[in-house]
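Notes for the one structure printed next.
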Amino acid sequence: MTQETAINTNDRIQLEEIEKIEIDLLLEAIFRYYGYDFRNYALPFIQRRIRHRVLKENLLSISALQEKVLRDPMVMSHLISDFSINVTEMFRDPSFFKSFRTKVVPIIKDYPDIRIWHVGCSSGEEVYSMAILLHEEGIYDKTRIFATDINTCILEKAKQGTFPLDGMQLYTKNYFEAGGKRAFSEYYKAVDDKVFFHPFLRKNVVFAQHNLVTDHSFNEFDIIICRNVLIYFNKHLQNEVHKLFYESLSLSGFLGLGKREGIKFTSYENCYGEIDASEKLYRKNK
């Protein structure tokens, strides 16, 4: 290594250390002033989103973003949206919904009532997917779905049940792969370039803001679905969220996670049995 290379390497390391300090200070300031706790989110994810916001605000540093966030609530709102995970679609990962239909529904069919917590519901596509599935299985009328997200703006969109028409071809394909039993178009009305899902699909859905990091359990649930959210948390926070889920699930309740998530290496690994290992569907057993 040449002397010049060594100097460049040292400069890069120093800049990375400074950036890490700036990120820590920004997240601490957000927690202390706004009450949102992003301090245990996975660093690579939070780093990308903060850099994105610095560019969007035409700033030169993360420290400058901290000042703006503390003085301008609108910038804070934008940053919360940046930290929200809004990648979703109707019947996303159809095999998950098919497994739920064939392996969970037969067990819960005879429940007098069913409470489902859909965590990180984003703009609501997967919530409406679940409502359709439960309707087709004849148990939607006795089900209450609590759909939560940290982002109030995206929740307002979810409440509308309105989505772009150009997504329907993919969504129809997903629906049938998930075991759909009717014509998917029966569930929505197309107007211009948008579709409006029928109101009955949200009559038993409660959309509400909930922060997984700072908020507590608010009910006892038969089913908790939290897919593709935990991958953005560090190991400590993942374990804390699993504690929240465990305490919120009724005995013999079901937990559904994303493809890249699981209960292994958490403190609650031995508290569940596998319903479908490949689809990350579990059932609480202690």
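All residue numbers refer to positions in the sequence shown, counting from 1.
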Query - Sub-4.5 Å side-chain heavy-atom contact between Q66 and E22 - result: no
Taking distance alone, no hydrogens or angles, what donor-acceptor pairs closer than 3.5 Å link side-chain atoms of residues 152-166 to residues at least two apart or in another chain?
from : atom 1 : to   : atom 2 : distance (Å)
E156 : OE2    : K159 : NZ     : 3.2
T162 : OG1    : Q160 : O      : 3.4

**Report entry** Atom of S99, atom of L281 and distance for their closest heavy-atom approach
**Finding:** OG-CD1, 3.5 Å
**Report entry** Nearest atoms (heavy-atom pairs only) where C121 meets V127
**Finding:** CB-CG2, 3.7 Å
Report task. Compare every heavy atom of A178 with every heavy atom of F97, then report the nearest pair and how far apart it is. Result -> CB-CB, 3.7 Å
Query raised in the report: What closest approach, in Å, do N204 and R144 show between heavy atoms, and which atom pair accounts for it?
Result: O-CD, 3.2 Å
Using distance only, find each side-chain donor-acceptor pair of residues 68-75 under 3.5 Å and give its atom names and separation, not counting sequence neighbours.
from : atom 1 : to  : atom 2 : distance (Å)
K68  : NZ     : E57 : OE1    : 3.2
D72  : OD1    : M74 : N      : 3.0

**Report entry** Shortest non-hydrogen contact between H242 and L257, atoms and distance
**Finding:** CE1-CD1, 3.9 Å
**Report entry** Under 3.5 Å side-chain donor-acceptor pair for D37 and T214
**Finding:** no
Query - Steps toward side chain to side chain contact (heavy atoms under 4.5 Å, CB included) verdict (I150, F83) - result: CA-CA 9 Å; I150 191 175; F83 290 164; over 6 Å; no
Requested in this report: Mind listing the closest non-hydrogen atom pair of F245 and V119 along with its distance?
Outcome: CE2-CG2, 4.0 Å
Query - E261 with K280: basic N within carboxylate O range, under 4.0 Å - result: no
Report task. Applying side chain to side chain contact (heavy atoms under 4.5 Å, CB included) between L244 and each of I224, L212, V213, report the one that passes. Result -> L212
Query - Single-linkage hydrophobic cluster, 4.5 Å side-chain cutoff, Y187 and F176 together - result: yes
Requested in this report: Using the six-membered ring wherever Trp is involved, compare the ring planes of F218 and F146 and label them parallel, tilted or perpendicular (cut-offs 30° and 60°).
Outcome: perpendicular
Query raised in the report: With distance as the sole test, does N40 use its side chain to make a donor-acceptor pair with the main-chain N or O of N234 at under 3.5 Å?
Result: no
Query raised in the report: Donor-acceptor pair, K284 side chain versus Y246 backbone, under 3.5 Å?
Result: yes
Requested in this report: Could you tell me whether R115 and E220 have a side-chain N and a carboxylate O separated by less than 4.0 Å?
Outcome: yes
Query raised in the report: Does any donor atom in the side chain of E279 or S95 lie under 3.5 Å from an acceptor atom in the other side chain?
Result: yes
Requested in this report: Let me know which of K259, K98, R227 forms a salt bridge (charged side-chain N to carboxylate O under 4.0 Å, His left out) with D93.
Outcome: R227
Query - Any donor-acceptor N or O pair under 3.5 Å, side chains Q47, E19 - result: yes
Requested in this report: Check whether any side-chain heavy atom of R49 lies under 4.5 Å from a side-chain heavy atom of Y41, and answer yes or no.
Outcome: no
**Report entry** Residues which pass salt bridge (Lys or Arg N to Asp or Glu O under 4.0 Å) with E274, listed by chain and number, not counting sequence neighbours
**Finding:** none
